[in-house]
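Before any comments, here is the structure.
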Amino acid sequence: MYIIIVQYEYLLQVYMQRELSKIELKIKIPLQRFVIIGDTPLDIACAKACNIEVIAVATGHYRHHHLTEADLVVESLGEKEKILEFLKF
């Protein structure tokens, strides 16, 4: 499992898909082995556009009810048990 933490809200779906495809080609790891961690609906949309699982963290401007399209929504990264269970560690 590889984790990508998304920090910039302006990350567009096309850019994300193009860059992740380069990673997949270069290191020969399927994108489905990645998990994106973000805190905005755009982060979720980027992950979904690339068919990548996404964990949304409701610590920024967006709250839990804004992030329901994510595969997992947590209030903070302190919810380690929930995150590790999701990641199947």
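Nothing fancy with the numbering, it's 1 onward along the sequence.
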Side-chain donor-acceptor pairs of residues 69-81 under 3.5 Å, sequence neighbours excluded:
unit_1	atom_1	unit_2	atom_2	d
Asp71	OD1	Lys48	NZ	2.9
Asp71	OD2	Lys48	NZ	3.3
Asp71	OD2	Val54	N	2.8
Ser76	OG	Gly78	N	3.1
Glu79	OE2	Glu75	N	2.6

For residues Gly38 and Asp43, report the shortest heavy-atom separation together with the two atoms involved.
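Nearest pair, atom of Gly38 first, then Asp43: CA-OD2, 3.3 Å.
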To the nearest 0.5 Å, how far apart are [atom1] in [X] and [atom2] in [Y]?
X     : Y     : atom1 : atom2 : value
Phe34 : Ile52 : CZ    : CD1   : 7.0 Å
Ile55 : Ile44 : CD1   : CD1   : 11.5 Å
His61 : Asp39 : NE2   : CG    : 8.5 Å

